[in-house]
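Below: one structure, written as structure tokens.
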Amino acid sequence: MLTGSEMAVVDANAEALGVPRKQLMESSGHALAREVRTHAAPGDPITVVAGRGNNGGDALVAARFLDQYDLRICLLGRPETITTDIARENWRALQRAEYSTAQVRDSAAFELGDPELVVDAMLGTGIAGDLREPAATAARAMNDSDATVLSVDVPSGLDAESGTLAETAVEADHVVTFHDTKPGLDDLDATVTVADIGIPDAAELFVERGDLLRLDRDPASHKGDNGEVLVVGGGPYTGAPALAAQSALRGGADLVRVACPASVAREVQGYSENLIVLPYDDDRLAPTHVDWIAEHAVSHDTLVLGPGLGDADETLDAVADLLARFDGIAIVDADALQVVPEVETDADLLCTPHQGELRAMGGETSEDWRERQALVESFAAEIGATLLVKGPYDIVSDGDRTRVGRTGNAGMTVGGTGDVLAGLSGALACVQAPIDAAALAAYANGAAGDRVVDERGNGLVATDLLEEIPTVLWA
């Protein structure tokens with residue numbers, strides 16, 4: 001089952017893989033026409049009620065394959081307001097072929113007629129809530145008629161995110177939905193057909209440009225609405241926590257704080273005036289600091305734990321203690337990873353190991369990415385965490401869903417790129433589920449590296465990624 005927003009991601013990923021939306025619309029129209037033939041006899045009067053989006057576009061395609069019927073096509077709105085180029089092209093195709101079409105510019109002008117079957121193609125999976133005019137009038141006419149009602153993808157008025165059906169929704173007798181079922185369809189008193197329209201499984205497996213559709217920054221948001229991140233790192237190393245924190249800012253977090261030993265606080269602050277540094281006494285993280293850090297962590301949306309901490313025994317003891325107390329979202333990286341399999345925690349863990357660190361955690365890997373995919377998925381389920389295992393193919397899994405990232409290049413083996421990835425994951429996990437945050441972070445981190453190499457050649461350094469990440473995510 002896919003929600004409407006997930007389906008939009010899959011559609012866009014299919015296009016990125018070389019299956020254009022125009023082709024998918026053509027396949028959807030064929031599937032709809034087949035379903036019409038199942039429920040209507042040749043010569044029957046049929047009315048197609050099409051909206052101005054791609055849902056209506058699917059029905060406009062189908063009309064070209066229904067010449068054996070007494071067909072009437074009704075567009076809700078003016079043709080010039082059709083919202084997508086491909087739907088507009090299919091409207092023009094009907095005009096040039098002189099199909100019987102009508103335009104409804106006012107709800108008072110809507111006439112359903114007396115069809116045997118009516119195709120509801122008014123609103124698709126991206127619309128929720130009560131129907132507005134003229135769709136509301138059209139829906140009442142459909143519900144009051146004796147015609148068989150066939151809805152395209154979902155009945156108009158069904159919220160494809162929550163499965164909620166509006167009071168004004170179309171009461172469908174049959175639904176033809178595409179690629180996968182949608183929330184709420186199983187609860188309808190209607191037969192539901194799931195049509196294969198040629199979207200490859202890879203569109204759900206590989207992280208592609210469509211995944212960027214998950215990002216939505218409210219223009220009316222206030223400071224903090226887009227996330228606050230606490231990076232706990234530094235001591236033996238100063239660059240790692242600074243890279244992670246700057247990456248979290250570039251990834252969209254509103255506020256990023258770095259908790260680090262006082263001995264390196266000035267150096268960490270020196271990397272950027274945008275960082276808020278919270279120093280604690282000592283040269284490295286130790287159990288005596290856990291109470292203080294835990295108090296700060298609860299007021300943040302995510303915790304990024306590990307960059308530059310080192311692997312001293314007392315530091316690892318402190319990491320284990322902090323994770324045992326924490327019940328939020330924690331991104332665990334670098335030396336901190338080794339304590340994860342043994343710690344009992346209520347936190348949602350997103351771990352970002354490379355393959356060597358994965359083995360140190362007790363996981364297995366393989367040179368073949370498909371075999372590695374299965375191994376990572378199994379280990380994620382075993383330890384109850386989301387894993388982002390870095391490599392030429394990044395494998396992301398929470399034990400249930402698994403995604404594969406293919407961006408990036410050999411230049412990204414340089415030190416610091418993993419710290420950038422950890423910080424980016426922390427920012428995205430403020431506003432996304434951990435599995436989606438990890439997938440987006442892997443994609444954006446690698447794509448930023450690809451942009452650097454494409455523009456400047458080999459020899460990238462981690463700070464180069466910081467400059468490109470906003471363009472990848474937000475441009």
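The model shown is predicted, which means the values in this text are computed figures rather than measured ones. The basis for the numbers below is simple: all heavy atoms, side chains too, and nothing from hydrogens, waters or symmetry mates.
To the nearest 0.5 Å, atom CD1 of residue I82 and atom CZ of residue R92 are 8.0 Å apart. Remark: Q373 CD to S397 OG distance equals 8.0 Å, nearest 0.5 Å. Rounding to the nearest 0.5 Å gives a distance of 12.0 Å between CG of L350 and CG of L303. Separating the CG atom in L24 from the OG atom in S28 is a distance of 6.5 Å, to the nearest 0.5 Å. The structure places CD1 of I435 at 12.0 Å from CG of D348, a figure rounded to the nearest 0.5 Å. Atom CG of L255 sits about 9.5 Å away from atom CG of D301, to the nearest 0.5 Å.
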Open item on the list: One pair to check against salt bridge (charged side-chain N to carboxylate O under 4.0 Å, His left out): E89 and K22. What are the steps and the verdict?
Closed with: CA-CA 10 Å; E89 286 177 16; K22 186 174 182 178; 2.9 Å; yes
- [ ] Go through K182 and E161 one step at a time and tell me if the salt bridge (charged side-chain N to carboxylate O under 4.0 Å, His left out) criterion holds.
- [x] CA-CA 8 Å; K182 312 300 185 305; E161 296 299 310; over 6 Å; no
- [ ] Output, in order, the C-alpha distance, side-chain angles, deciding distance and verdict of side chain to side chain contact (heavy atoms under 4.5 Å, CB included) for L112 and V49.
- [x] CA-CA 8 Å; L112 183 64; V49 185; 4.3 Å; yes
Task: side-chain hydrogen bond (donor to acceptor under 3.5 Å, both in side chains) between S151 and D120, worked out - done: CA-CA 4 Å; S151 288; D120 159 35; 2.7 Å; yes
Open item on the list: Evaluate V396 against V404 for side chain to side chain contact (heavy atoms under 4.5 Å, CB included), listing each step before the verdict.
Closed with: CA-CA 6 Å; V396 179; V404 177; over 6 Å; no
TODO: Let me see the working for M25 and L60 under side chain to side chain contact (heavy atoms under 4.5 Å, CB included), right down to the final yes or no.
DONE: CA-CA 10 Å; M25 183 174 286; L60 299 179; over 6 Å; no
- [ ] Assess whether side chain to side chain contact (heavy atoms under 4.5 Å, CB included) is satisfied between I331 and T352, documenting all intermediate values.
- [x] CA-CA 7 Å; I331 288 75; T352 58; 4.3 Å; yes
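Heavy-atom minimum distance, A138 versus L76: CB-CD1, 4.5 Å. Scanning both residues, R37 and F65, for their nearest heavy atoms gives NH2-O, 3.0 Å. Nearest heavy atoms, A427 versus G252: CB-N, 4.4 Å. A pairwise comparison of heavy atoms in L213 and A8 identifies CD1-O, 3.6 Å as the closest pair. Looking at every heavy atom in both residues, L185 comes nearest to P155 through CD2-CD, 3.9 Å. Considering all non-hydrogen atoms of both residues, L94 and A63 come closest at CD2-CB, 4.1 Å.
No donor-acceptor pair closer than 3.5 Å links the side chain of D346 to the backbone N or O of G328. The main-chain N or O of L75 is never found under 3.5 Å from a side-chain atom of R52 such that the two would form a donor-acceptor pair. Of the possible donor and acceptor atoms, none in the side chain of D70 sits under 3.5 Å from a partner among the backbone N and O of D44. Between the side chain of T302 and the backbone N or O of G426 there is at least one donor-acceptor pair closer than 3.5 Å. Proximity of a side-chain donor or acceptor of H354 to a complementary backbone N or O of G356 within less than 3.5 Å is detected. Of the possible polar contacts, one joining the S145 side chain to the M142 backbone as a donor-acceptor pair under 3.5 Å is found. Side-chain N or O atoms of E204 include none that pairs as donor or acceptor with a backbone N or O of V10 at under 3.5 Å. In terms of modelled atom types and a separation under 3.5 Å, the side chain of N143 and the main chain of E171 share a donor-acceptor contact. In this structure, the side chain of S107 does not engage the main chain of A135 through any donor-acceptor pair within 3.5 Å. A distance-only check finds no donor-acceptor pair linking the side chain of K223 to the backbone of D254 [under 3.5 Å].
The closest side-chain heavy-atom distance from L473 to L212 is below 4.5 Å. Contact annotation: the side chain of N226 approaches that of S221 to within less than 4.5 Å [non-hydrogen atoms, C-beta and beyond]. Within the 4.5 Å cutoff, no side-chain heavy atoms of T417 are placed close to those of K390. Using a 4.5 Å heavy-atom cutoff, the side chains of V118 and T148 are not in contact. Residues L465 and S247 fail the side-chain proximity criterion, which asks for heavy atoms closer than 4.5 Å. Looking at E116 and I46, their side chains never come closer than 4.5 Å, going by heavy atoms from C-beta outward. In this structure, V152 and V119 have side chains that are in contact, with non-hydrogen atoms separated by less than 4.5 Å. Within the 4.5 Å cutoff, the side chain of R72 has no heavy atoms near those of the V48 side chain.
Legend: side-chain hydrogen bond (donor to acceptor under 3.5 Å, both in side chains) pairs involving residues 420-445, not counting sequence neighbours, sorted by first then second residue: R401-D436. Sorted pairs that involve residues 113-142 and meet ring-ring contact (aromatic ring centres under 6.0 Å, His included), not counting sequence neighbours, are lacking altogether. The stretch residues 155-213 participates, sequence neighbours left out, in these ring-ring contact (aromatic ring centres under 6.0 Å, His included) pairs: H39-H174, F206-W369.
Side-chain contact, Q23 with R21: no donor N or O sits under 3.5 Å from an acceptor N or O. Using modelled atom types, one finds no donor on one side chain facing an acceptor on the other under 3.5 Å when comparing N55 with D153. Side-chain atoms of S299 and E228 form no donor-acceptor pair, as typed in the model, at a separation below 3.5 Å. Looking only at atom types and distance, the side chain of S366 has no donor-acceptor partner in the side chain of D368 under 3.5 Å away. Side chains of D398 and T386: no donor on one and acceptor on the other come within 3.5 Å. Side chain to side chain, T84 and N54 meet the donor-acceptor criterion of an N or O pair below 3.5 Å.
At most 12 non-hydrogen atoms from other residues, nucleotides or ligands lie less than 6.0 angstrom from CG of D189.
E377 has no carboxylate O lying under 4.0 Å from a charged side-chain N of R372, or vice versa, which leaves the two without a salt bridge.
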What pairs of donor and acceptor atoms, side-chain ones from residues 192-200 against any protein atom, are under 3.5 angstrom apart with sequence neighbours left out?
residue	atom	partner	partner atom	Å
T193	OG1	E35	OE2	3.2
D196	OD1	G198	N	2.9

Enumerate, atom names and distances included, each donor-acceptor pair closer than 3.5 Å involving a side-chain atom of residues 125-133, sequence neighbours excluded.
residue	atom	partner	partner atom	Å
E133	OE1	T137	N	3.1
E133	OE1	T137	OG1	2.6
E133	OE2	T137	OG1	3.2

Side-chain polar contacts of residues 451-460 - donor-acceptor pairs under 3.5 angstrom, sequence neighbours left out - could you list them?
residue	atom	partner	partner atom	Å
R451	NE	E468	OE1	2.9
R456	NH1	D464	OD1	3.1
R456	NH2	E467	OE1	3.2

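Only one option out of D394, L388, D211 pairs with R403 in a side-chain contact (heavy atoms from CB on, under 4.5 Å); it is D211.
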